[in-house]
Amino acid sequence: MHSAAEEAKESVGLVLTGGSRHFYMLSHLILSLRREWNISLPVEVFYAGPGDMNEEMVASLNTIPGVKALDLTKFFPERTKGMGGWSVKPYAMLASSFQTVLFVDADVLFFQSPLLALESSAYRETGLLFFQDRFYRDETSQNTPKLFNRMNRHVSNYAKSMRFTNALTWDLTAGTYKMDSGFVVMDKGRLGNLFALLLTAKMNTWPEVETLHAETYGDKESFFFATEALRTPYKFNPGYGGALGHEEPTENPDFGRVCGIYLLQLDENENLFWWNGGGVLVDRYRTSNFSGEAWARFSQVGLDVDGLGTIWKDFCIVRPKNNVRNLTDTEQALLERYRDIFRKDLEGLGLKP
């Protein structure tokens with residue numbers, strides 16, 4: 001498998017996953033990457049068998065130049081039998097024909113070209129780029145750091161420096177979630193990364209996945225846990241997930257409050273990079289009537305560069321006022337072009353899940 005990654009026909013490519021209900025998001029994402037960011041790299045879309053995505057939608061994706069819709073169950077028939085949802089992601093990355101994989105969730109959109117991730121200091125150093133989740137401490141359930149510490153009795157120096165790994169000992173204000181896997185960049189040609197991806201896939205396979213989902217939220221922490229367990233060098237992008245949405249009043253004038261289910265990520269220079277949660281749609285699974293009430297309300301962003309004093313409640317982030325700002329005219333124009341793809345290219349397709 002390592003030699004296959006090193007000798008991949010295409011050295012860099014985009015990998016997406018989804019089923020019939022993700023079809024419109026997947027199509028929109030691909031068109032946005034081609035048109036807005038002029039990305040001509042090949043795209044592989046993996047689905048978990050004919051029960052996951054219908055033939056008509058598979059055929060439609062395959063008509064887009066440079067795109068292949070692939071049945072993941074034909075690559076790993078035993079391991080992926082009956083699999084769906086989050087768990088297919090590491091298997092799709094393994095099955096892809098690319099040495100360097102830019103994995104993107106179907107509900108992700110970008111403020112900058114995703115190819116800039118390949119220029120980040122973390123990726124250049126390790127061949128990996130991970131992004132952090134919201135800085136949030138869940139006092140009712142601290143199973144995620146507990147599972148991490150059970151898996152990693154002796155953590156790396158890098159992990160020791162994280163507040164997350166000390167959330168149950170001396171840092172009792174630390175967040176109890178660490179990674180978001182909406183956008184993951186990996187060079188599989190580096191042997192350590194490939195081994196970590198194999199362990200990630202194992203963690204997302206029955207019966208291990210039962211423990212993973214009971215103790216964490218979906219697949220996302222498994223990438224980080226597996227990489228640390230194998231002592232493969234990795235780095236997180238600095239900064240935590242913020243909010244893309246609209247501002248609401250706060251009692252303290254020195255703080256701002258931005259509400260929205262859309263998780264916003266920055267690049268290493270603290271510029272807006274990407275977000276997930278449904279793109280520009282209120283309902284990410286919408287298939288028609290792309291107008292009016294279909295669009296999410298985007299006017300402000302709440303940025304979290306350090307996790308210090310961050311408060312999350314009901315998908316609203318409270319941060320010092322200088323970490324809350326209006327979207328610029330340029331950013332709003334980009335959002336409108338994203339809406340146009342739904343209106344002009346996807347309205348009227350008539351394909352149903």
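Just so it is clear, the values below take in all heavy atoms, side chains as well, and ignore hydrogens, waters and symmetry mates. This is a predicted model, so every value here is computed, not measured.
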S.K.: So do Val15 and Leu102 actually touch side chain to side chain, heavy atoms under 4.5 Å?
M.R.: no
S.K.: Are any side-chain N or O atoms of Thr176 and backbone N or O atoms of Gln142, one a donor and one an acceptor, separated by less than 3.5 Å?
M.R.: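 Here the side-chain-to-backbone pair does not exist.
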S.K.: Are Leu115 and Ile30 connected into the same hydrophobic cluster when the rule is that any two of I, L, V, M, F, W, Y join if their side-chain heavy atoms are below 4.5 Å apart?
M.R.: yes
S.K.: Is the number of heavy atoms from other residues, nucleotides or ligands under 6.0 Å of Tyr217 OH greater than 12?
M.R.: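 Atom OH in Tyr217 is not packed in, count stays at 12 or less.
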S.K.: Under a 4.0 Å N-O cut-off, is there an ion pair linking Arg284 with Asp107?
M.R.: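 Yes, Arg284 and Asp107 are salt-bridged.
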S.K.: Under the 6.0 Å and 45° cation-pi test, does Lys188 pair with Phe98?
M.R.: no
S.K.: Ignoring hydrogens and angles, state whether a donor on the side chain of Ser181 or Asp219 is under 3.5 Å from an acceptor on the partner side chain.
M.R.: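 Distance-only check passes for Ser181 and Asp219.
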S.K.: What class does the angle between the rings of Trp86 and His213 fall in, given that below 30° is parallel, 30 to 60° is tilted and above 60° is perpendicular?
M.R.: perpendicular
S.K.: Would Leu129 end up clustered with Leu41 when hydrophobic side chains under 4.5 Å apart are linked, directly or stepwise?
M.R.: yes
S.K.: Where is the tightest heavy-atom contact between Thr200 and Pro90, given as atom of each residue plus distance?
M.R.: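 For Thr200 and Pro90, the tightest heavy-atom pair comes out as CG2-CB, 3.8 Å.
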S.K.: Shared ILVMFWY cluster between Leu263 and Val184, side chains joined below 4.5 angstrom?
M.R.: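 No; tracing contacts between hydrophobic side chains, which count when under 4.5 Å, never links both residues.
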S.K.: For Glu55, does the CD atom sit with more than 12 other heavy atoms under 6.0 Å from it, leaving out its own atoms?
M.R.: no
S.K.: May I ask you to check whether Tyr177 and Phe135 place their ring centers less than 6.0 Å from one another?
M.R.: no
S.K.: Given side chains that start at C-beta, do those of Asp133 and Met179 come closer than 4.5 Å, heavy atoms only?
M.R.: no
S.K.: I'd like to know whether the aromatic ring centres of Phe273 and Phe111 sit less than 6.0 Å apart in this structure.
M.R.: no
S.K.: Classify the ring geometry between Phe298 and Trp275 as parallel (under 30°), tilted (30 to 60°) or perpendicular (over 60°).
M.R.: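 Phe298 and Trp275: perpendicular rings.
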S.K.: What heavy-atom pair brings Arg34 and Gly66 nearest, and what distance separates the two atoms?
M.R.: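 Looks like NH2-O, 3.5 Å.
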S.K.: With a sphere of 6.0 Å drawn around CH2 of Trp206, does it hold more than 12 non-hydrogen atoms of other residues, nucleotides or ligands?
M.R.: no
S.K.: With distance as the sole criterion, is a donor-acceptor pair present between the side chains of Asn152 and Glu228 under 3.5 Å?
M.R.: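 Short answer, no.
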S.K.: Around atom CD of Gln332, are there more than 12 heavy atoms of other residues, nucleotides or ligands at under 6.0 Å?
M.R.: yes
S.K.: Should the pair Lys202-Glu208 be classified as a salt bridge under the 4.0 Å nitrogen-to-oxygen rule?
M.R.: yes
S.K.: If you count the non-hydrogen atoms of other residues, nucleotides and ligands that lie under 6.0 Å from CZ in Phe315, is the total more than 12?
M.R.: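 No.
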S.K.: Stepwise, does the side chain to side chain contact (heavy atoms under 4.5 Å, CB included) test hold for Asp267 with Ser120?
M.R.: CA-CA 8 Å; Asp267 66 13; Ser120 67; over 6 Å; no
S.K.: Does a side-chain heavy-atom distance below 4.5 Å link Asn276 with Tyr262?
M.R.: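 Not touching, per the 4.5 Å side-chain cut-off.
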S.K.: For the pair Phe224 and Phe148, name the ring-plane relationship: parallel under 30°, tilted 30 to 60°, perpendicular over 60°.
M.R.: parallel
S.K.: When you compare the side chains of Asp180 and Gln132, does any donor N or O come within less than 3.5 Å of an acceptor on the partner?
M.R.: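 No pair is found: no donor N or O on one side chain lies under 3.5 Å from an acceptor on the other.
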S.K.: Are the aromatic rings of Tyr136 and Tyr240 close, with centres under 6.0 Å apart?
M.R.: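 Not under 6.0 Å, so no.
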S.K.: Between the side chains of Thr173 and Asp171, is a donor N or O closer than 3.5 angstrom to an acceptor N or O?
M.R.: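 Looking only at side-chain atoms, Asp171 and Thr173 do form a donor-acceptor pair, the distance falling under 3.5 Å.
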S.K.: For Asn252, look at atom CG and say whether over 12 heavy atoms of other residues, nucleotides or ligands are found less than 6.0 Å away.
M.R.: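 Result for CG/Asn252: enclosed.
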S.K.: Please give me the minimum heavy-atom distance between Asn204 and Ser222, naming the atom from each residue.
M.R.: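 What the structure gives for the nearest pair is ND2-OG, 3.0 Å.
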S.K.: May I ask you to decide if the ring planes of Trp274 and Phe110 are parallel, tilted or perpendicular, using 30° and 60° as cut-offs?
M.R.: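 Ring orientation of Trp274 relative to Phe110: tilted.
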S.K.: Using a strict cut-off of less than 4.0 Å between a Lys/Arg side-chain nitrogen and an Asp/Glu carboxylate oxygen, indicate whether Lys178 and Glu221 qualify as a salt bridge.
M.R.: no
S.K.: Determine whether the aromatic ring centres of residues Phe223 and Tyr234 are separated by less than 6.0 angstrom.
M.R.: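 No, too far apart.
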S.K.: Is any side-chain heavy atom of Val101 closer than 4.5 Å to a side-chain heavy atom of Val185?
M.R.: no
S.K.: With the side chain counted from C-beta on, respond yes when Val104 and Leu29 share a heavy-atom pair under 4.5 Å apart, and no when they do not.
M.R.: yes
S.K.: Using ring-ring contact (aromatic ring centres under 6.0 Å, His included), reason through Phe46 and Tyr91 one step at a time and then give a plain yes or no.
M.R.: CA-CA 9 Å; Phe46 288 91; Tyr91 279 99; over 10 Å; no
S.K.: Looking at every heavy atom in both Ala48 and Asp71, which two are closest together, and how far apart are they?
M.R.: C-OD1, 4.2 Å
S.K.: With Arg124, which residues qualify under side chain to side chain donor-acceptor pair (under 3.5 Å), at least two apart?
M.R.: none
S.K.: Considering all heavy atoms of both residues, which atom of Met203 and which atom of Leu212 are nearest to each other, and what is their separation?
M.R.: O-CD2, 3.7 Å
S.K.: Can you check whether Leu72 reaches Tyr47 side chain to side chain, under 4.5 Å on heavy atoms?
M.R.: no
S.K.: Do Asp340 and Arg337 sit within salt-bridge range, that is, some charged N less than 4.0 Å from a carboxylate O?
M.R.: no
S.K.: Let me see the working for Gln300 and Leu327 under side chain to side chain contact (heavy atoms under 4.5 Å, CB included), right down to the final yes or no.
M.R.: CA-CA 5 Å; Gln300 282 85 25; Leu327 288 169; over 6 Å; no
S.K.: For the pair Asp105 and Lys89, find out whether any cationic side-chain nitrogen is under 4.0 Å from an anionic carboxylate oxygen.
M.R.: yes
S.K.: Any salt bridge between Arg325 and Glu247, counting N to O under 4.0 Å?
M.R.: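 Salt bridge flag = no for Glu247 with Arg325.
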S.K.: Only one of Arg257, Arg297, Lys313 passes salt bridge (charged side-chain N to carboxylate O under 4.0 Å, His left out) with Glu248; say which it is.
M.R.: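 By the salt bridge (charged side-chain N to carboxylate O under 4.0 Å, His left out) criterion, Glu248 pairs with just one of Arg257, Arg297, Lys313: Arg257.
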S.K.: Between Glu44 and Lys68, does any side-chain N to carboxylate O distance fall below 4.0 Å?
M.R.: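 Not counted as a salt bridge, because no side-chain N and carboxylate O are separated by less than 4.0 Å.
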S.K.: Mind running side chain to side chain donor-acceptor pair (under 3.5 Å) on Ser121 and Glu268 for me, showing each step along the way?
M.R.: CA-CA 8 Å; Ser121 58; Glu268 63 184 355; 2.7 Å; yes
S.K.: Same cluster for Val108 and Leu31 if Ile/Leu/Val/Met/Phe/Trp/Tyr side chains link at under 4.5 Å?
M.R.: yes
S.K.: Take a 6.0 Å sphere around CG of Asn38 and say whether it holds more than 12 heavy atoms from other residues, nucleotides or ligands.
M.R.: no
S.K.: For Asn289 versus Glu347, what's the shortest heavy-atom pair and its separation?
M.R.: N-OE2, 3.0 Å
S.K.: Are His22 and Tyr285, when compared by the centres of their aromatic rings, separated by less than 6.0 Å?
M.R.: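 When the ring centroids of His22 and Tyr285 are compared, they turn out to be within the sub-6.0 Å range.
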S.K.: Quick one: do Phe103 and Ser96 satisfy side chain to side chain contact (heavy atoms under 4.5 Å, CB included)? Show the steps, please.
M.R.: CA-CA 10 Å; Phe103 175 85; Ser96 73; over 6 Å; no
S.K.: Are Gln99 and Asp187 side-chain neighbours, meaning at least one heavy-atom pair lies under 4.5 Å?
M.R.: yes
S.K.: Test of understanding: clusters of I, L, V, M, F, W, Y form through side-chain heavy atoms closer than 4.5 Å, transitively. Do Val209 and Leu147 belong to the same one?
M.R.: no
S.K.: Below 4.0 angstrom, N of the basic side chain to O of the carboxylate: do Arg319 and Asp306 qualify?
M.R.: yes
S.K.: Determine whether the aromatic ring centres of residues Phe342 and Tyr24 are separated by less than 6.0 angstrom.
M.R.: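 Between Phe342 and Tyr24, which both carry aromatic rings, the centre distance is not below 6.0 Å.
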S.K.: Does the pair Leu128 and Lys235 meet the rule for a side chain to side chain contact (heavy atoms under 4.5 Å, CB included), with working shown?
M.R.: CA-CA 7 Å; Leu128 288 170; Lys235 288 285 182 68; over 6 Å; no
S.K.: Does a side-chain heavy-atom distance below 4.5 Å link Pro353 with Thr287?
M.R.: yes
